[in-house]
Amino acid sequence: MPTIPPHSLIAFGLFLRLPGYAEVLLKERKKAQCLLRLVLGVTDDGNGGHILTSLLASSLPTLPFTVLKSLFDATPLTTDDGLLLRRMGLDIGVVHLLLACLSVLSHHAPRVCTSGFQHETQLILSAMQVATSTGLNPTQEKTQNYWAKGTGFGTGSTTSSWDAEQALLRQRSEEEHVTCLLQVLASYINPGGYLPKEFYSTTYIPPTETTLLPSIVPDLLEQSCLVPAISSYLRNDSVLDMARHVPLYRALLELLRALAVCPTLIPLLLPLEVEANQDTAVAIEVLLDKMKGCVDTYASRLKCNKNSKGKMEEESEGLALLIPDIQDTAQIVRVSTDRLKQQQVDMNEVSEGACSKSEINKNKETIEEKYMRVMKELQFDTYEMVVEEGNGIKFLIPHQFESNVKSSGDANNSSRTRRLAQEAVTLSTSLPLSASSSVFVRCDEERLDVMKVLITGPADTPYANGCFEFDVYFPLDYPESPPFINLQTTGNHTVRFNPNLYNDGKVCLSVLNTWHGRPEEKWNSHTSSFLQVLVSIQSLILVNEPYFNEPGYERSRGTPSGMASSREYDSNIRQATVKWAMLEALKTPSPAFKDVLTRHFYMKRHEILNQCEKWIGEMESYSNDKRTGRAIAHSTLALKRYYNQLRIELSKLKPPQELLDSDDDSGTIDPEAKHYSTDQPAPSTSKPLEDLPTVPSTSSSHTTSINDDMLAVMKMIDDDVTI
């Protein structure tokens, strides 16, 4: 049963004090009667029915705000009534209340906390905080978990711990109110969405009606949550998500156009001064340009992907309206901000030292910043993997799901095509990128359902700086079912890098429906995405101490036995990472990621060698442990051998073309400067060979085991076979 939230009732009482509000309200007489009855505590609609079960119930929570929008639209700034209405809206706290509601409902705090808000604003905040707190589940589990959900960590229940349907309803309600608030603010600033004539002219002069807002408004909006909230919504570069929230984004764009045509508010679209406790924010104009780039890319990709009948896919009505809306708004904002910047230049308000400061910052670019700058352009791209041949198709490079693609033939469906186009846009802008760990994606030039992924191992894990390749295929019923994904970096199916990464390439995750987990962790066609899958692999599987990913093993975390087993496990993973995710990637790079691998290993070459030396030192310090020492010693011998080979391979690397002009003072690598001897015998311990470590085998029959014979083990090392 719908309810009227406290902030709507308080707003209703405040808005009634505005001149003309009651008259506009009475145009919706039946709704007005119902709302007034609820304010008085009466739920009967006067005809024997219940107001909250009537057909009008769903429109009542936002009615006070929609009426206010109509009032602002009906009284433009060119009239005395319009000016009086807006001044009075400030005097009695209407604008303050709108911004306070936006802050709570959008979950963004004001940029500057002030004490001048009216009493009604404080009431609304208090009422909403109480409503939020009473909605919490008092029996919510509070025990601290040390494992990640959906990966096999822990032994938790598969019963849902939260009401997903209720959460979605609450989110939908908040979004509906935010949409109304944005529309009201747009009407307050620029009633009717008025775009002045000659706006695009180089000789444009703002008309009088765009300069009549009360002088306090610019500062009030700048200090409020408005800019952070707008920026947050604009950072959403997922066309898929935009398509689900079309009314919200259309209201946001309406407000941006209003800001762009009001000369005193255009500075809000440019970078604002940052407070001491705030991070540097990206200007709204820049974020809007990026969003426009996303929808442009989406539209072009949709045109390039035809359905099974060769026809272009048609877009949903909502998104079809939103795309040109974004493009038009971006142009209006760009014209306004460029005009203001030119005025600032003409008035000598641009700092003369800006360019020199920029040069100084560029010269001070760190290795991490350089890595991110150079690798950014390689994160998402196309690569020819599949071509038509006769009546069928041919793969130009090996792919795990070649048989799936061939068996599907030309079958396709419009929802799958649109979803893949939307996800491709998201991937092109939102893939994780850092000096610690990054994700790179290649999709086929003609087919978005065939992809390859490369993930670099996160720092401070046994996977650090290794390059792990995955093959991906999106089945015909996608997104109703999750994508297929298979790890290709398995040492020719000899290494199980993680309890969630089998040596046959299987990836075990709840979101892929390959691991049993809570309902909210499983694939959901409406809320799950391929980007979510990639981030889950990067952050939940490629972790520090992967030994504890195995179900039940977390019980030994923190115990001497558990930590010893974890070190033993890490030692094996470290040497396997160097051999298969570094050496092999250097010697036989994947064609789709050759440019990525070249830049990655060249820029990280010194860091990788230092990392290996650190690993060797740590592993040697544990080689005398009675229970795990022998296994760690053998892993150390293997790691030393691979380190020597890796040093030679890294010394052969030439700087990529993109780095020839950059200042690289890291120096070259001398392959003979450091060389580990691999002739030392294994330390003598009392541990029997059959107790040497294996990757936990509770979930796979393909796990490599340790040979019982010492000579066989040493021969395996000499023959470069991973233990």
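- With hydrogens and angles ignored, the 3.5 Å screen pairs a side-chain donor or acceptor of H399 with a backbone N or O of M451.
- Between Y478 and F474, the ring planes lie perpendicular to each other; the angle is over 60°, past the 30° to 60° tilted range.
- Residues passing the side chain to side chain donor-acceptor pair (under 3.5 Å) test with D477 are S481, sequence neighbours excluded.
- Shown here for N465 and E607, the closest heavy-atom pair between the two residues is ND2-OE2, 3.1 Å.
- How far CG of L431 is from CE of M375: 12.0 Å, rounded to the nearest 0.5 Å.
- Under the 4.0 Å criterion applied to side-chain N and carboxylate O atoms, E254 and R250 are not assigned as salt-bridge partners.
- Within a 6.0 Å sphere centred on CG of D338, other residues, nucleotides and ligands contribute more than 12 heavy atoms.
- Residue K406 qualifies as enclosed at atom NZ: its count of foreign heavy atoms under 6.0 Å is above 12.
- The CG atom of L583 sits 11.5 Å away from atom OG1 of T577, with the distance rounded to the nearest 0.5 Å.
- Rounded to the nearest 0.5 angstrom, I284 CD1 and M291 CE are separated by 11.5 Å.
- Judged by the 6.0 Å distance and 45° axis criteria, R605 is positioned over the aromatic ring of Y602.
- Residues passing the side-chain contact (heavy atoms from CB on, under 4.5 Å) test with A258, sequence neighbours excluded: A186, I189, N190.
- Under the ring pair (Phe, Tyr, Trp, His ring centres under 6.0 Å) criterion, Y383 pairs with no residue, sequence neighbours left out.
- Residue K594 qualifies as open at atom NZ: its count of foreign heavy atoms under 6.0 Å is 12 or below.
- Residues satisfying the ring pair (Phe, Tyr, Trp, His ring centres under 6.0 Å) criterion with H177, sequence neighbours excluded, are H7.
- A donor-acceptor pair under 3.5 Å is absent between the side-chain atoms of S232 and the main chain of A229, judged by distance alone.
- The distance from the CZ atom of R419 to the CG atom of D449 is 14.5 Å, given to the nearest 0.5 Å.
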- Query: Do L427 and L534 pass the side-chain contact (heavy atoms from CB on, under 4.5 Å) test, and can you show the C-alpha distance, the side-chain angles, and the key distance before you say yes or no?
  - Reply: CA-CA 10 Å; L427 294 174; L534 298 181; 4.1 Å; yes
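- The closest donor-acceptor contact from the side chain of R442 to the backbone of A592 lies under 3.5 Å.
- Once rounded to the nearest 0.5 Å, the distance linking NZ of K604 with CE of M582 reads 9.5 Å.
- Side-chain N or O atoms of R257 include none that pairs as donor or acceptor with a backbone N or O of L252 at under 3.5 Å.
- Between the side chain of N544 and the main chain of P462, no donor-acceptor pair closer than 3.5 Å is present.
- The pair D296-K292 meets the salt-bridge criterion, since a charged nitrogen lies less than 4.0 angstrom from a carboxylate oxygen.
- Counting all heavy atoms, side chain and backbone alike, V533 lies closest to L509 at O-CD1, 4.3 Å.
- Sequence neighbours left out, not one pair with a member in residues 410-449 passes ring-ring contact (aromatic ring centres under 6.0 Å, His included).
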- Just do the side-chain contact (heavy atoms from CB on, under 4.5 Å) check on V405 and E402 with the steps written out, would you? CA-CA 5 Å; V405 177; E402 180 176 346; 5.9 Å; no
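- Using bins of under 30°, 30° to 60° and over 60° for the plane-to-plane angle, the ring pair H600/Y371 lands in the perpendicular bin.
- The main-chain N or O of A421 is never found under 3.5 Å from a side-chain atom of R418 such that the two would form a donor-acceptor pair.
- The shortest heavy-atom contact between W580 and N492 is CH2-ND2, 3.9 Å.
- For the residue pair I541 and Y463, the shortest heavy atom distance occurs at O-CE1, 4.2 Å.
- Under the 30°/60° scheme for interplanar angles, the aromatic rings of F484 and Y473 are found to be tilted.
- The closest side-chain donor-acceptor pair between Q327 and D325, if any, does not fall under 3.5 angstrom.
- Looking only at atom types and distance, the side chain of T337 has a donor-acceptor partner in the side chain of E285 under 3.5 Å away.
- When every heavy atom of F380 is checked against every heavy atom of C443, the shortest pair comes out as CZ-SG, 3.9 Å.
- Annotation for F401 and D471: closest pair CE1-O, 3.3 Å, computed over non-hydrogen atoms.
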- Message: Walk me through whether H245 and Y249 qualify under ring pair (Phe, Tyr, Trp, His ring centres under 6.0 Å).
- Response: CA-CA 6 Å; H245 309 284; Y249 278 94; 7.0 Å; no
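- For E584 and T588, the side-chain atoms include at least one donor-acceptor pair closer than 3.5 Å.
- Between atom OG1 of residue T382 and atom CZ of residue R447 there is a gap of 15.0 Å, rounded to the nearest 0.5 Å.
- Formation of a donor-acceptor pair under 3.5 Å by the Q379 side chain with backbone atoms of P432 is found in this model.
- Under the rule for a side-chain contact (heavy atoms from CB on, under 4.5 Å), D328 has no partner lying at least two apart in sequence or in another chain.
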- Task: Dump the intermediate steps for side-chain contact (heavy atoms from CB on, under 4.5 Å) on L288 and L253, then the final yes or no.
- Result: CA-CA 9 Å; L288 185 58; L253 296 169; 4.1 Å; yes
- Evaluation steps, side-chain contact (heavy atoms from CB on, under 4.5 Å), between I455 and E469: CA-CA 7 Å; I455 302 179; E469 184 179 354; over 6 Å; no
